[in-house]
*Asks:* 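Sharing a structure with you now.
We number each residue from 1, following the sequence as shown. Note that the structure is a prediction, hence the values are computed from the model and not measured.
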Amino acid sequence: MNQEEHLGAADLALLQLGRRLQADGYRFITPTPLTHQRVNDRSFGQSARTLREVFGWSRPFEPGLLSVDEQRQLQQAGVLDECNGRLKSHVRWSSLDDLLFVHSGYPTDAADAVFFGPDTYRFAQLIHDHLQHSFAPIRRAVDIGCGAGVGAILIARARREAEVLAVDINPLALRMTAVNVALAEVANVSIEASDVLQDVDGQFDLIVANPPYMADPAERAYRHGGGALGAQLSLRIVEQALYRLTPGGSLVLYTGVAMIDGIDPFLDAVAPRLESPMFGWTYHEIDPDVFGEELLTPGYQRVERIAVVALIVTRIGPGIGGTVTASAGAP
């Protein structure tokens, strides 16, 4: 599928910008929001001097940094806004391997913001590792809550013969995924609106997901996982995905867990769902302590740390022997 043919004028302008940045050798590794804020505070009030400061660090800039034509095109596309004589981009561009991904600019305050950051890099590594160690054929795959489309694009590049779906409930995420798919020049990705797997049919050889896992009072789509401590959506994904796997197919779930009194409530909730001999699974902590500043927010008073974890579930099929031992703790 040629995603470029389906892009509107505004998204074509984004695609053109992405190609320009690629040609210029642009690279930017996106940090956590707190790090982003601390780095930007060092240059508070100063105008951006480079495109990396404009489209990576989301700093305002003076007219003239871009050509007149490019500035006008991006303003017409709604990518740039003017404030007090300076311009600011609504989007950022982040590097991952040899790829560039467009996503929401900093700060990600909007309800429909499309996030990209350290979780994205860890999720990408988890997918890389799974594809390197799994020899099961992948004819059909899906990236649930695709965001900027990272999971779908990585799978599509690694398994060119596979049909890969990228699904999300956020229309802006679907638009940005379409731009990123076109920029990555992968022809085997389809983009569809779906609440988890409710609006797509059939079974999958690989299901991946990097859902929001925080309890966010503002209920921003990229951040709010639902439930008291953000685990609700992750549990829904497990429930919907298990019986949509083909024999030999796998669910690769990257999520976060609010640990309380040394207990992992997500593992306690998910383990009974995996007791069937139909499934083999592994579970481990990827990072034991992320977003520590969140422990100061309402609702997290009893939480002692937030860990990110990987749950990999394989549906046991003909020729696949034994179940896999589940393990908690660091890998």
*Asks:* Is the shortest heavy-atom distance from the side chain of Arg236 to the side chain of Gln240 under 4.5 Å?
*Replies:*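 Sidechains of Gln240 and Arg236: in contact.
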*Asks:* Are the side chains of Arg315 and Gln203 in touch, meaning some heavy atoms are under 4.5 Å apart?
*Replies:* yes
*Asks:* With sequence neighbours excluded, what pairs up with Asp97 under the side chain to side chain contact (heavy atoms under 4.5 Å, CB included) test?
*Replies:*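 Asp97 satisfies side chain to side chain contact (heavy atoms under 4.5 Å, CB included) with His128, Leu154 only.
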*Asks:* Just wondering, are more than 12 heavy atoms of other shown residues or ligands nearer than 6.0 Å to CD in Glu304?
*Replies:* yes
*Asks:* Taking Asn170 for its side chain and Leu172 for its backbone only, find out whether a donor-acceptor pair lies under 3.5 Å.
*Replies:*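 Yes; judged by distance alone, with no hydrogens or angles, the pair exists.
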*Asks:* Does any N or O in the side chain of Thr32 come within less than 3.5 Å of the main-chain N or O of Thr35, such that one atom is a donor and the other an acceptor?
*Replies:* yes
*Asks:* Run the ring-ring contact (aromatic ring centres under 6.0 Å, His included) test against Tyr254 and tell me which residues pass, sequence neighbours left out.
*Replies:*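 Partners of Tyr254 by the ring-ring contact (aromatic ring centres under 6.0 Å, His included) criterion come out as none, since no residue qualifies.
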*Asks:* Would you sort out whether Arg92 and Thr30 count as a side chain to side chain donor-acceptor pair (under 3.5 Å), showing the intermediate values?
*Replies:* CA-CA 9 Å; Arg92 280 179 288 179; Thr30 301; 5.0 Å; no
*Asks:* On a heavy-atom basis, which atom in Ile316 and which in Pro277 lie closest, and how many Å separate them?
*Replies:*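 Heavy atoms of Ile316 and Pro277 come nearest at CG1-O, 3.8 Å.
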*Asks:* When you compare the side chain of Gln125 with that of Ile286, does any pair of heavy atoms fall below 4.5 Å?
*Replies:* no
*Asks:* For Arg273, I'd like to know if atom CZ has over 12 heavy atoms of other residues, nucleotides or ligands within 6.0 Å.
*Replies:* yes
*Asks:* Do Lys88 and Ser58 have side chains that approach each other closer than 4.5 Å (heavy atoms only, starting at C-beta)?
*Replies:*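 Lys88 reaches Ser58 side chain to side chain.
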*Asks:* How far apart are the closest heavy atoms of Pro63 and Gly85, and which atoms are they?
*Replies:*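 That closest heavy-atom pairing would be CD-O, 3.4 Å.
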*Asks:* Begin with the C-alpha distance, continue with both residues' side-chain angles, and end with the deciding distance and a verdict on side-chain contact (heavy atoms from CB on, under 4.5 Å) for Glu53 and Gln46.
*Replies:* CA-CA 11 Å; Glu53 292 179 356; Gln46 298 177 20; over 6 Å; no
*Asks:* In this structure, would Val91 and Phe115 fall into the same cluster of hydrophobic residues linked by side-chain contacts under 4.5 Å?
*Replies:* no
*Asks:* Identify the heavy atoms of Ala184 and Ile153 that sit nearest to each other, and give their distance.
*Replies:*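 Nearest heavy atoms, Ala184 then Ile153: CB-CG2, 3.8 Å.
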*Asks:* Check each of Trp93, Phe55, Trp57 against Phe28 using the ring pair (Phe, Tyr, Trp, His ring centres under 6.0 Å) test, and report the only one that passes.
*Replies:* Trp57
*Asks:* Rounded to the nearest 0.5 Å, what separation is found between the CD1 atom of Ile207 and the CG atom of Leu245?
*Replies:*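 These two atoms lie 4.5 Å from each other.
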*Asks:* Is there a salt bridge (charged side-chain N to carboxylate O under 4.0 Å, His left out) between Arg72 and Asp69? Walk through the geometry before answering.
*Replies:* CA-CA 5 Å; Arg72 181 173 61 248; Asp69 286 344; 2.8 Å; yes
*Asks:* State whether the side chain of Tyr300 and the backbone N or O of Ala215 hold a donor-acceptor pair below 3.5 Å, judged by distance alone.
*Replies:*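 Answer holds: yes.
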*Asks:* Hey, what do you get for CG (Asp287) to CZ (Arg305), rounding to the nearest 0.5 Å?
*Replies:* 9.5 Å
*Asks:* With Tyr121, which residues qualify under ring-ring contact (aromatic ring centres under 6.0 Å, His included), at least two apart?
*Replies:*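 Tyr121 satisfies ring-ring contact (aromatic ring centres under 6.0 Å, His included) with Phe116 once adjacent residues are dropped.
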*Asks:* For Arg38, does the CZ atom sit with more than 12 other heavy atoms under 6.0 Å from it, leaving out its own atoms?
*Replies:*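 Counting other residues, nucleotides and ligands, CZ of Arg38 stays at 12 neighbours or fewer.
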*Asks:* Salt-bridge test for Arg122 and Asp119: reply yes if a basic N is under 4.0 Å from a carboxylate O, no otherwise.
*Replies:* yes
*Asks:* Please check this pair: side chain of Asn188 against backbone of Ala156, looking for a donor-acceptor N/O pair closer than 3.5 Å.
*Replies:* yes
*Asks:* Answer with yes or no whether the hydrophobic clustering places Leu96 together with Val179; edges join I, L, V, M, F, W, Y residues whose side-chain heavy atoms lie under 4.5 Å apart.
*Replies:* no
*Asks:* Restricting to non-hydrogen atoms, name the atom on Ala48 and the atom on Val54 that form the minimum distance, rounded to 0.1 Å.
*Replies:*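 Taking Ala48 first and Val54 second, the nearest heavy atoms are CB-CG2, 3.7 Å.
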*Asks:* Does the pair Leu229 and Ile306 meet the rule for a side-chain contact (heavy atoms from CB on, under 4.5 Å), with working shown?
*Replies:* CA-CA 10 Å; Leu229 290 170; Ile306 300 168; over 6 Å; no
*Asks:* Do the side chains of Leu80 and Leu66 get nearer than 4.5 Å, heavy atoms only?
*Replies:* yes
*Asks:* When rounded to the nearest 0.5 angstrom, what distance separates CG in Leu65 from OG1 in Thr50?
*Replies:* 7.5 Å
*Asks:* Supply the atom-to-atom distance Met278 CE to Leu242 CG, rounded to the nearest 0.5 angstrom.
*Replies:*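 Taking CE in Met278 and CG in Leu242, the distance rounds to 8.5 Å.
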*Asks:* Check whether any side-chain N or O of Asn180 sits under 3.5 Å from a backbone N or O of Val102 as a donor-acceptor pair, and report yes or no.
*Replies:* yes
*Asks:* Is a side-chain donor or acceptor of Asp143 paired with a backbone partner of Gly151 at a separation under 3.5 angstrom?
*Replies:*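 Judged by distance alone, yes, a pair lies under 3.5 Å.
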*Asks:* Rounded at 0.5 Å granularity, tell me how far CG in Leu17 sits from CG in Leu12.
*Replies:* 12.5 Å
*Asks:* Output all residues satisfying ring-ring contact (aromatic ring centres under 6.0 Å, His included) with Tyr106, sequence neighbours left out; order by chain, then residue number.
*Replies:* His36
*Asks:* Would you confirm whether Thr108, through its side chain, and Val114, through its main-chain N or O, come within 3.5 Å as a donor-acceptor pair?
*Replies:*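 Here the side-chain-to-backbone pair does not exist.
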*Asks:* Between the main-chain N or O of Gln71 and the side-chain N or O of Gln73, is there a donor-acceptor pair closer than 3.5 Å?
*Replies:*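 No, Gln73 side chain to Gln71 backbone: no donor-acceptor pair under 3.5 Å.
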*Asks:* Can you tell me which residue pairs pass the salt bridge (charged side-chain N to carboxylate O under 4.0 Å, His left out) test with a partner in residues 198-209, sequence neighbours excluded?
*Replies:* Arg139-Asp205
*Asks:* Return yes if some donor-acceptor pair links the side-chain N/O of Asp168 with the main-chain N/O of Gly147 below 3.5 Å, else return no.
*Replies:*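 Yes; judged by distance alone, with no hydrogens or angles, the pair exists.
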*Asks:* Is Val167 close to Val200 at the side-chain level, that is, under 4.5 Å between some pair of heavy atoms?
*Replies:*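 Answer yes - side chains close enough.
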*Asks:* How would you list all residue pairs meeting salt bridge (charged side-chain N to carboxylate O under 4.0 Å, His left out) that involve residues 154-165, not counting sequence neighbours?
*Replies:* Asp98-Arg157, Arg140-Glu163
*Asks:* Evaluate the side-chain proximity of Val186 to Val164: yes if any heavy-atom separation is below 4.5 Å, no if none is.
*Replies:* no
*Asks:* Are any of the side-chain heavy atoms of Thr255 and Leu311 separated by less than 4.5 Å?
*Replies:*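 Side chain of Thr255 against side chain of Leu311, heavy atoms only: no contact under 4.5 Å found.
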*Asks:* Above 12 or not: heavy atoms from other molecules or residues under 6.0 Å from CZ of Arg19?
*Replies:*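 Atom CZ in Arg19 is packed in, count exceeds 12.
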*Asks:* Just verifying a value: how many Å separate Leu100 CG and Ser95 OG, rounded to the nearest 0.5 Å?
*Replies:* 5.0 Å
